[in-house]
Amino acid sequence: MCGIVGYIGTRNCVPVILEGLRRLEYRGYDSAGIALVRDKEFFIQKKAGKVSNLAAALGEAEGTVFATLGMGHTRWATHGEPSDINAHPHWDQKKRIALVHNGIVENYQAIKTKLLRDGHTFLGATDTEVLAHLVGVMYDECRDLPTAVRLALSEVDGTYGLVVIAKDDPGRIVAARKGSPLLIGVGDGENFIASDASAIVEHTRKVVYLDDGEVADITTSGVRTMTIDDVTVEKPIHQVTLELSQIERGGYDHFMLKEIHEQPETILNAMRGRLLVEEGDVKLGGLQNIIGRLLSARRLILTACGTSWHAALVGEYMFEQIARIPTEVEYASEFRYRDPIVNIDDVVFLISQSGETADTLSALRDAKTKGATVLGIVNVVGSSIARESDGGVYAHAGPEIGVASTKAFTSQLTVLALITILLARVRGMSRERGQVLARELATLPDKVQTILKETEKIRKIAEEFKDAKNFLYLGRGANFPVALEGALKLKEISYIHAEGYPAAEMKHGPIALIDENMPVVFIVPKDGIYDKVVSNIQEVRARRGRIIAVANEDDTDIDELAEFVIRVPRTYGFFGPILNIIPLQLLAYYIAVARGTNVDQPRNLAKSVTVE
Ligand code: F6R
């Protein structure tokens with residue numbers, strides 16, 4: 001979703017901002033802009049389309065533009081189409097201040113009506129332009145930028161990550177946050193502001209995370225942080241551990257392919273120092289203080305969106321089957337508005353790669369208000385969900401840049417498996433049983449490596465089906481969520497319509513779709529319900545559907561039934577999703593490549609969905 005990067009210091013900020021915007025491209029956007037202050041005048045350039053358009057318009061190659069104060073923005077359209085005019089930054093009526101904004105001003109229409117009555121004119125259709133005018137009005141009155149921002153925000157309903165500069169006050173950047181992440185990069189004689197650490201990590205690793213309701217006054221010499229009511233807040237400086245190599249493509253054609261191939265390592269990282277194979281147990285520092293509450297929990301609730309919701313569905317199988325704890329899964333977007341019954345002895349897990357998804361964050365706050373214990377399974381360290389949870393477990397997948405989630409999913413599943421073993425042990429599972437599960441979990445990175453050797457075969461299958469109009473994905477038990485996730489991956493990046501179903505549900509409707517043009521992907525491991533899934537395969541065969549099977553290495557019967565077979569090693573049923581999703585990620589990837597789509601930044605999608 002939208003990205004922000006800003007700079008104040010002594011060097012030329014243009015390359016800093018453009019490079020920062022490039023690092024934010026993965027978040028998904030449709031226009032970009034920059035505002036610089038030079039000799040107390042604004043230089044603003046905004047372009048629909050990619051950051052490269054903006055850089056070309058700026059004459060980046062010639063390096064002619066120089067400024068030591070500036071900010072840039074990538075916009076993902078909500079109010080108003082993607083266009084040069086609607087791109088940020090926006091000015092106020094007198095063009096004295098410029099502003100970039102992530103989030104939504106919900107009462108912008110009421111504010112706009114009042115401003116129109118006062119003679120303001122608006123160039124575009126965005127809520128942000130209205131906010132810029134409002135800050136401008138306040139600035140006219142008080143002539144102090146931090147005060148103007150605070151006064152304006154006291155009239156605003158909605159969410160924001162906001163950065164403002166004034167041309168006649170070139171010594172400061174003012175930033176404010178409510179519901180949309182912002183962090184300040186602390187440098188030596190220079191400071192940065194960004195919506196995501198990846199935009200500034202090559203310049204500084206020292207960051208201050210702004211919290212909701214806070215405003216920052218950033219100058220070259222320091223940062224003052226205050227509440228909207230002007231109460232000073234002392235903020236700790238955190239050290240970001242992100243490596244530059246982690247946010248570069250490293251020789252792969254796409255981030256998504258790199259991230260798929262990183263999975264043996266990222267799954268291992270999720271277990272490292274946590275899985276105690278000999279003890280048949282698990283140690284999770286982030287749950288240590290609330291283990292008592294987990295022990296006495298009568299019910300677990302897992303809530304998330306998208307791919308993370310699919311991880312939650314697998315988690316439900318693990319928690320119920322192994323730890324024997326009643327578990328419910330719900331979309332965070334539904335949870336937050338349903339006024340669900342949440343008891344103080346419930347434990348609510350929020351699963352999120354970014355840790356910033358607006359719906360998931362709201363579900364967390366709702367559950368917290370109702371007295372439940374809230375725990376995060378989050379990938380991005382220091383993100384809002386991580387900071388607002390009572391405890392939790394980081395996924396440790398490293399930065400995920402491809403918009404379609406891959407390695408974060410398998411890391412989430414690994415963390416859920418760890419929590420399952422932990423819960424089962426504290427609730428009485430024997431050490432021996434724990435050892436058996438822990439030993440098997442420890443083998444998964446090598447097994448993923450084995451699956452990655454199927455890549456060439458999967459690429460050929462992708463060639464065969466690249467022109468398909470529809471796909472069906474079917475699986476049972478813990479592999480039903482894998483079917484959902486396989487279908488989601490395909491539609492996100494190839495734009496082929498795909499649906500996932502529990503295999504046995506097919507005959508209740510989707511079977512009407514089966515003909516010789518319908519590819520059907522079956523996830524069919526040799527488990528207790530193998531024969532049942534084989535019956536479903538027969539039903540598809542009888543209607544001439546084209547079958548692609550993800551099956552175990554030693555399954556010799558499947559060759560007779562499926563047109564294409566992708567082999568995966570055996571594992572326990574509830575760990576199976578960690579392996580079975582890998583070929584489906586690769587299948588989606590190679591189909592998208594064959595169709596020539598923008599794999600890493602698919603149309604209309606954003607990496608982190610910070611609006612409702
Ligand atoms: C799919 C995908 C999205 C996210 C969803 C939740 O590939 O990436 O469906 O899973 O937007 O995002 P997080 O996990 O960041 O809360």
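Just so we're clear, the structure is a prediction, and the values are computed from it rather than from any experiment. In listed order, ligands and their atoms are each counted from 1.
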Would you kindly specify which portion of Glu356 sits under 4.0 Å from ligand 1, judged on non-hydrogen atoms: side chain, backbone, both or neither?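 Contact part for Glu356 vs ligand 1: neither.
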Which part of Asn379 is near ligand 1, with near meaning a heavy atom under 4.0 Å away: side chain, backbone, both or neither?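 Near ligand 1, Asn379 shows nothing, with every heavy atom at 4.0 Å or more.
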Take a 6.0 Å sphere around NZ of Lys206 and say whether it holds more than 12 heavy atoms from other residues, nucleotides or ligands.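 Open.
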Using a 4.0 Å cutoff against the non-hydrogen atoms of [X], which atoms of ligand 1 qualify?
X	answer
Ser354	13 (P), 15 (O), 16 (O)
Ala404	7 (O)
Lys489	1 (C), 7 (O)

Quick one: nearest non-hydrogen protein atom to [atom], plus distance?
atom	result
atom 11 (O) of ligand 1	Val609 CG2, 4.0 Å
atom 13 (P) of ligand 1	Thr357 OG1, 3.2 Å
atom 6 (C) of ligand 1	Cys305 O, 3.3 Å
atom 8 (O) of ligand 1	Val403 O, 3.3 Å

Side-chain ion pair, Arg249 and Asp600, N-O less than 4.0 Å: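 Result for this pair is no, no salt bridge flagged.
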Please determine if Gln412 has a nitrogen or oxygen closer than 3.5 Å to a nitrogen or oxygen of ligand 1.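 N/O-N/O distance under 3.5 Å: no.
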N/O separation below 3.5 Å, Thr360 to ligand 1: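 Between Thr360 and ligand 1, no N or O pair is found under 3.5 Å apart.
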Show your reasoning for whether side-chain hydrogen bond (donor to acceptor under 3.5 Å, both in side chains) applies to Ser31 and Arg75. CA-CA 5 Å; Ser31 56; Arg75 173 176 185 252; 4.5 Å; no
Side chains of Ile591 and Phe471: does their closest heavy-atom pair fall under 4.5 Å?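 Yes; the side chains approach each other to less than 4.5 Å.
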Kindly confirm or rule out a cation-pi arrangement of Arg603 over Tyr495, judged by NZ or CZ under 6.0 Å from the six-membered ring centre and within 45° of its axis?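 Satisfied, under 6.0 Å and within 45°.
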Centroid-centroid under 6.0 Å between Phe465 and Phe564 rings: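 Yes, the ring centres sit under 6.0 Å apart.
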How about Phe319 and Phe349: are their ring centres within less than 6.0 Å of each other?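 Between Phe319 and Phe349, the centre distance is under 6.0 Å.
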